[in-house]
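Reviewing the structure listed below.
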Amino acid sequence: MKKLNLGCGIKIKKGYVNVDITKFNGVDKIFDFDAFPYPFEDNEFDNVHCDNVLEHLKNVPLVMKELHRITRSEEHTSELQSHSFISYA
């Protein structure tokens, strides 16, 4: 099972391809998440982990389309998390 940790920062996950826009220790690949296509083959990953990344990107629908492209659809598993913003009056 091939797994992707998109926007890992310093949170390196063992057994994942750890990618970020900045080089940190343990990052396997560096690229701009707003530049398409991503440097991966179609259906390359079984699992995508993306924690608090989407809210920083310019075009989330295109990012989602790209994540769908690189993830095997028959076993598509995604772990997408984003900050929740609360406004206090």
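Keep in mind that what you see is a predicted model, and the values were worked out from it rather than measured.
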Shortest non-hydrogen contact from Asn5 toward Lys11:
ND2-O, 3.0 Å
For [X], does the [atom1] atom have more than 12 heavy-atom neighbours from other residues, nucleotides or ligands under 6.0 Å away?
| X | atom1 | result |
| --- | --- | --- |
| Lys14 | NZ | no |
| Ile12 | CD1 | yes |
| Ile10 | CD1 | no |

Transitive ILVMFWY side-chain link [X] to [Y], under 4.5 Å:
| X | Y | value |
| --- | --- | --- |
| Ile30 | Val63 | no |
| Tyr38 | Leu54 | yes |
| Leu62 | Leu4 | yes |

Is the closest side-chain heavy-atom distance between [X] and [Y] below 4.5 Å?
| X | Y | answer |
| --- | --- | --- |
| Thr71 | Asp46 | no |
| Leu6 | His49 | no |
| Val17 | Phe45 | yes |
| Tyr16 | Asp28 | no |

Under 3.5 Å, is there a donor-acceptor pair between the side chain of [X] and the main chain of [Y]?
| X | Y | value |
| --- | --- | --- |
| Arg69 | Phe40 | yes |
| Asp34 | Lys58 | yes |
| Asp42 | Arg72 | no |
| Asn18 | Cys8 | no |

Report the distance from atom CD1 of Ile70 to atom NZ of Lys2, rounding to the nearest 0.5 Å.
9.5 Å
Measure the CD-CG distance between Glu66 and Leu57 for me, rounded to the nearest 0.5 Å.
12.0 Å
Using 30° and 60° as the class boundaries, would you call the ring planes of Phe31 and Phe33 parallel, tilted or perpendicular?
perpendicular
